[in-house]
Student: 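I have a structure here, written as structure tokens, and I will follow up with some questions on it.
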Amino acid sequence: MRRKLAAGNWKMNGTGDTLAELTALLKAQPDPACDVLICPPATLLNRAANAVRGSYLKIGAQDCHAAASGAHTGDISAEMLVESGASHVILGHSERRTDHGEADAQVRAKAEAAIKAGLTPIVCVGETLAQREAGQTLDVIAKQHAGSLPDSATCIVAYEPVWAIGTGKVATLDQIGEVHAHMRRLLADRYGDAGNAIPLLYGGSVKASNAAEIFGVPEVDGALVGGASLKAEDFAPIISALDRT
Ligand code: PGA
């Protein structure tokens, strides 16, 4: 049985006040059966870990360096993230691939480093609008899987069509279903039985009003939520929808 996961990706948003408010309100909810992860900016990780201690909430980071330590000004290693209380790390998000030129090999190296440090990597893949319109979606996803995923199956994969991130445009249920079925086949081919245990998340404009139908798509084990993860009034209904699935 794969565990379901609702993961909130705050990106470069949120303050200590946002964190205090969200964690207090989510902790007041009954414990869900699914996992719930909050990924705030690195500056808030330690505070977040203290705020959720003893509750069902877990804390994740948004990136790590592939090396354990060294002369890498401004970067943070997976070991450092563990020390600050993170259990997961988002890797290869399309914003990092675009803004920081991260290629598949680098994402893979980071995923290996994360696993070595004891973190669960959430590796993001997804096609651009131009790639979708050119009929390349499944090939792009296969290439990103082959290049970005670690050797071990102790990871989570998030399908985030680039054109659906922060745009309000959600992929159709058929589009999500097609890509998730494809990813499941890719994972089974690569990892065998262990591939079936890898949770697959959908991300891209997930909100309270569309979460339940997305969670009803086969092979969707949860969501990576951006904008709607900053406020409990938006995130809590998504968690509940996943819990009911
Ligand atoms: P969004 O972002 O929910 O704001 O579209 C999702 C993501 O980038 O992880």
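When reading the values below, keep in mind they use all heavy atoms of this one structure, side chains included, and skip hydrogens, waters and symmetry mates. Note that ligands are numbered from 1 as they come in the structure, with each ligand's atoms numbered from 1 the same way.
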Student: Indicate yes or no: does an N/O atom of G166 lie under 3.5 Å from an N/O atom of ligand 1?
Tutor: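 So ligand 1 has an N or O lying under 3.5 Å from an N or O of G166.
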Student: State if K11 counts as touching ligand 1 under the rule of any non-hydrogen atom under 4.0 Å.
Tutor: yes
Student: Which of the numbered atoms in ligand 1 are under 4.0 angstrom from any heavy atom belonging to G227?
Tutor: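 Atoms satisfying the 4.0 Å criterion: 1 (P), 3 (O), 4 (O).
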Student: Which pair of heavy atoms, one from P199 and one from C155, lies closest together, and at what distance?
Tutor: CD-O, 3.8 Å
Student: If every non-hydrogen atom of W10 is compared with every non-hydrogen atom of L44, which pair is closest and at what distance?
Tutor: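 The answer is CZ3-CD1, 4.2 Å.
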Student: Can you tell me which portion of N9 lies within the under-4.0 Å heavy-atom range of ligand 1? Options are side chain, backbone, both, or neither.
Tutor: side chain
Student: Determine, step by step, whether Y159 and E127 satisfy the side-chain hydrogen bond (donor to acceptor under 3.5 Å, both in side chains) criterion, reporting the C-alpha distance in whole Å, the side-chain angles of both residues, the deciding distance to 0.1 Å, and the verdict.
Tutor: CA-CA 9 Å; Y159 169 52; E127 81 287 1; 2.9 Å; yes
Student: So does R190 have more than 12 non-hydrogen atoms from other groups sitting under 6.0 Å from CZ?
Tutor: yes
Student: Given E219 and R2, is the salt bridge (charged side-chain N to carboxylate O under 4.0 Å, His left out) satisfied, shown in steps?
Tutor: CA-CA 10 Å; E219 306 299 341; R2 292 186 294 272; 3.2 Å; yes
Student: Heavy-atom contacts with G204 under 4.0 Å: which atoms of ligand 1 show up? List them by number with element.
Tutor: 5 (O)
Student: Please list, in number order, the atoms of ligand 1 under 4.0 Å from a heavy atom of H93.
Tutor: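 In order of numbering, the contacting atoms are 7 (C), 8 (O), 9 (O).
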Student: Just let me know how A164 lines up against ligand 1, side chain, backbone, both or neither, with a heavy-atom cut-off below 4.0 Å.
Tutor: backbone
Student: Would D75 and K110 satisfy salt bridge (charged side-chain N to carboxylate O under 4.0 Å, His left out), going step by step from the backbone distance to the final call?
Tutor: CA-CA 12 Å; D75 280 312; K110 291 180 176 200; 5.9 Å; no
Student: Within ligand 1, which atoms have a heavy atom of S205 less than 4.0 Å away?
Tutor: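 Once the distances to S205 are compared, the set is 1 (P), 3 (O), 5 (O).
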Student: Judging by distance only, is a nitrogen or oxygen of E160 under 3.5 angstrom from one on ligand 1?
Tutor: yes
Student: Looking at L187, V179, V217, which hits side-chain contact (heavy atoms from CB on, under 4.5 Å) with L200?
Tutor: L187
Student: Starting from atom 3 (O) of ligand 1, which protein heavy atom do you reach first, and at what distance in Å?
Tutor: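 Scanning the protein heavy atoms, the shortest distance from atom 3 (O) of ligand 1 goes to G226 N, 2.8 Å.
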